[in-house]
Amino acid sequence: QVQPVESGGGLVQAGGSLRLSCAASGRTSSSVAMAWFRQALGKEREFVAGISWIGGRTYYADSVKGRFTISRDNAQNTVYLQMNSLKPEDTAVYYCAVPRTNLINTTPAWYEYWGQGTQVTVSS
């Protein structure tokens, strides 16, 4: 079992940056794929970015490609989401998630373990 815990959210002006962290306890996060999702008020949860556990291959939603970077530090059991050039439409609760089968997928139902979420608010 893996318990993800997110941190690093906050309020930032448009064009600014934030870095989210996801610390995973339990089964070491160095052996699991991990992903970030977000959910804006009144909208469905959507895939943002993912990183595989073999080779650190990364995946991004088109809406964040070129602005967000996902990375991992296996020694710290932590995954990061560096968010640059933030836009008001990036405002959402951001969740860290671990998939059931250790493969990255954009569907939330594919994921077994979820963090509690961290709020990101981008003002215009």
### Message
Would L18 and L86 count as a side chain to side chain contact (heavy atoms under 4.5 Å, CB included) here? Give the steps.
### Response
CA-CA 8 Å; L18 281 175; L86 282 161; 4.2 Å; yes
### Message
Nearest 0.5 angstrom please: Q82 CD to L20 CG, how far?
### Response
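Answer for the CD-CG pair, Q82 versus L20, is 9.0 Å.
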### Query
Rounded to the nearest 0.5 Å, how far apart are CH2 of W36 and CE of M83?
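Answer rounded to 0.5 Å: 8.0 Å.
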#### Entry: Short side-chain donor-acceptor distance under 3.5 Å, D73 and T78
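T78 vs D73: no donor-acceptor pair found between side chains.
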### Message
For a quick check under 3.5 Å, do R38 and Y94 share a side-chain donor-acceptor pair by atom type?
### Response
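Yes, a side-chain donor-acceptor pair sits under 3.5 Å.
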### Query
Can a cation-pi geometry be assigned to R72 and Y80, taking NZ or CZ under 6.0 Å from the six-membered ring centre and within 45° of the ring axis?
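Judged by the rule (NZ or CZ under 6.0 Å from the ring centre, within 45° of its axis), R72 is not positioned above Y80.
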### Message
side chain to side chain contact (heavy atoms under 4.5 Å, CB included) for I104 and I51? Distances and angles first, verdict last.
### Response
CA-CA 7 Å; I104 295 297; I51 187 165; 5.9 Å; no
In the structure I gave you, are the side-chain heavy atoms of [X] and [Y] within less than 4.5 Å of one another anywhere?
X	Y	result
M34	C22	yes
W114	P4	no
Y60	T69	yes
T121	V12	no
Y111	V98	no

### Query
Could you walk me through whether L81 and F68 pass the side chain to side chain contact (heavy atoms under 4.5 Å, CB included) check?
CA-CA 7 Å; L81 186 67; F68 291 11; 4.2 Å; yes
### Step-by-step side chain to side chain contact (heavy atoms under 4.5 Å, CB included) determination, T91 to E89
CA-CA 5 Å; T91 295; E89 51 264 43; over 6 Å; no
Kindly say whether [Y] contributes a backbone atom to a donor-acceptor pair with the side chain of [X] at under 3.5 angstrom?
X	Y	value
E6	T118	no
N105	W110	no
R100	A109	yes

### Task
Would you check if the distance from the ring center of Y59 to the ring center of F47 is below 6.0 Å?
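No, too far apart.
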Heavy-atom closest contact ([X] atom, [Y] atom, distance):
X	Y	result
P88	S124	CG-CB, 3.8 Å
S17	N84	OG-OD1, 2.9 Å
A40	A92	N-CB, 3.7 Å
A24	V2	CB-CG1, 3.7 Å

### Query
Same cluster for V120 and V5 if Ile/Leu/Val/Met/Phe/Trp/Tyr side chains link at under 4.5 Å?
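Unlinked, V120 and V5 end up in two clusters.
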### Single-linkage hydrophobic cluster V122~Y95, side-chain heavy atoms < 4.5 angstrom
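No, no single cluster joins them.
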### Message
What I want to find out is whether D62 reaches K65 closely enough, with some N-O distance under 4.0 Å, to be called a salt bridge.
### Response
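A salt bridge links D62 with K65.
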